[in-house]
**Student:** 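Encoded as structure tokens, here's the structure I'll be asking about.
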Amino acid sequence: MSREQQAVACAKKAFETGRSKPLEYRIQQLKNLQRLFTERQKDISDAINKDLRKSEVGTQLYETLGLEGEINLTIKKLKEWAAPRAVEKNLLTLSDVVYIKPEPLGVVLIIGAWNYPWAVTIQPLIGAIAAGNAAVVKPSEICVHTAKVMERLLPLYIDKELYPVVTGGVPETQELLRQRFDHIFYTGNSVVGKLIMEAAAKHLTPVTLELGGKSPCYIDKDSDISIACRRVTWGKYTNCGQTCIAPDYILCEPSIQDQVIEEVKKSIKEFYTDNPKTCPDYGRIINQRHFKRIMAMLSDSTVAVGGDSDESDCYIAPTILRDVKPEAKVMQEEIFGPILPILPISGLDEAINFINKREKPLALYVFTSNDKVIQRMVNETSSGGLLANDCLVHYSVSSLPFGGVGNSGMGCYHGKFSFDQLSHQRSCVIKKLNMEGVNNMRYPPHTLKKLGW
Ligand code: NAD
């Protein structure tokens with residue numbers, strides 16, 4: 001038996017004992033997980049610092065605080081979420097008990113990505129535990145140090161048979177994907193997303209795919225451009241652009257392009273000083289493969305700001321590209337790096353048209369002081385999420401479903417949505433064996449007389 005097969009067998013066996021089902025057990029596991037974040041903050045942030053050069057405060061802000069909030073919410077609400085829900089009845093079931101009972105799916109496979117390695121791996125795990133499942137956790141191998149820490153720490157805090165961690169790269173993930181699961185929750189790019197779905201189809205396993213793509217950002221000329229650019233700068237260059245919902249490119253009218261460049265440049269300086277390379281709040285590209293991929297995107301566009309890099313340190317300066325053409329290399333795939341292309345367009349109509357001609361994005365941003373512009377974006381485009389006059393923060397609202405649509409993913413999570421996503425909504429009708437007389441009309445022989453017609 002391979003290591004992967006063993007982990008799946010172990011999780012399945014533990015699930016079959018039924019111990020993941022009582023709410024008290026789920027809550028206890030969530031409390032243990034919470035304790036991991038209070039007691040092991042340093043191990044977590046040291047590893048992430050080695051992987052992505054994230055600062056300790058940055059790690060708390062963008063990874064662990066959100067997870068702790070999610071755990072608190074889940075502990076508080078679990079009883080309510082897991083309770084059977086009575087529903088409306090029809091004539092045939094008027095005297096019966098009719099309800100929906102959320103029940104665990106079984107063993108869930110969670111495959112995480114590297115860019116926010118704790119957030120995107122543990123957040124689905126919170127949902128899996130809350131819903132009463134077992135889960136095999138596969139952190140991304142790209143975050144070498146974090147994967148090791150996760151493999152070491154999780155079994156010290158939560159049930160290591162119900163929630164085993166499997167580390168490794170593509171061959172190990174592929175071996176896991178050959179096993180039978182009851183749900184697969186994958187976070188990563190759309191190309192691999194298709195492979196996940198293909199593997200899942202062999203066992204008819206349902207999937208949640210949290211993917212990425214090019215999230216557009218429209219800046220209307222009727223807006224406070226200085227504030228808009230400050231917020232875009234934050235959304236773009238946080239984690240060195242390696243954020244699934246980072247604004248990928250800007251669409252704006254040519255008349256404001258220079259002002260947008262100046263304002264973003266000003267904010268870069270404010271956030272990351274004159275020398276971002278030495279600024280503790282400015283990260284690094286995860287590895288040299290991604291460094292080369294991102295640098296190759298610069299070759300056929302005009303650099304307005306930044307552009308300098310250091311391959312040995314995986315450093316790419318915060319960069320702005322101006323007058324970018326839709327055919328440019330930087331517009332052919334998700335950038336996932338600190339490059340901000342600006343594409344001049346004639347106005348809102350062209351922006352909407354531009355967005356609609358492309359794959360449905362994970363996030364869509366619009367900056368404007370005009371409510372009508374916001375409403376047109378809401379009504380005339382589609383995306384996983386839409387945010388007006390800010391970046392990223394919709395991710396933090398646990399009462400909103402987080403997920404993509406079309407090429408940016410399927411399914412959603414966060415808060416109750418995680419619980420629902422990883423539960424089966426079982427339909428229950430509980431009858432009694434009395435009142436047989438009322439059933440006469442449905443039994444043959446079918447006559448009009450029986451129906452009273
Ligand atoms: P990655 O390379 O870490 O891959 C993710 C997982 O897929 C890893 O665990 C890896 O082992 C596995 N994998 C990779 N290639 C595979 C293959 N051929 N077969 C089977 N498994 C394979 O992460 P990535 O894909 O580079 O992550 C970045 C992408 O993830 C971006 O597109 C980003 O937008 C997206 N993302 C989305 C979200 C979201 O919540 N929607 C969050 C973070 C990242």
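Order of listing sets the numbers, starting from 1, for every ligand and every atom in it. What you see below is based on every heavy atom in this structure, not just the backbone, and it leaves out hydrogens, waters and symmetry mates.
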**Student:** D420: what forms a salt bridge (charged side-chain N to carboxylate O under 4.0 Å, His left out) with it, not counting sequence neighbours?
**Tutor:**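 With neighbours one apart ignored, the set is K416.
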**Student:** Before giving the answer on ring pair (Phe, Tyr, Trp, His ring centres under 6.0 Å), spell out for W114 and F336 the whole-Å C-alpha distance, their side-chain angles and the decisive distance to 0.1 Å.
**Tutor:** CA-CA 12 Å; W114 53 265; F336 225 54; 5.4 Å; yes
**Student:** What is the distance from atom NZ of K101 to atom NE2 of H424, rounded to the nearest 0.5 Å?
**Tutor:**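 Separation between the atoms: 11.0 Å.
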**Student:** Identify, chain by chain and in numerical order, each protein residue with a heavy atom under 4.0 Å from an atom of ligand 1.
**Tutor:**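 Residues I111, G112, A113, W114, N115, V120, K138, S140, E141, I142, V170, T173, Q174, L177, Y186, T187, G188, N189, V192, L195, E210, L211, G212, C244, E334, F336, L362, F402 each place a heavy atom under 4.0 Å from ligand 1, listed by chain and number.
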**Student:** With sequence neighbours excluded, give me every salt bridge (Lys or Arg N to Asp or Glu O under 4.0 Å) pair touching residues 103-114.
**Tutor:**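 Found E103-R426.
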**Student:** May I ask you to check whether Y282 and Y237 place their ring centres under 6.0 Å from each other?
**Tutor:**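 No, the ring of Y237 stays outside the 6.0 Å limit from the ring of Y282, centre to centre.
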**Student:** Salt bridge (charged side-chain N to carboxylate O under 4.0 Å, His left out) with K12: which residues, sequence neighbours excluded?
**Tutor:** E16
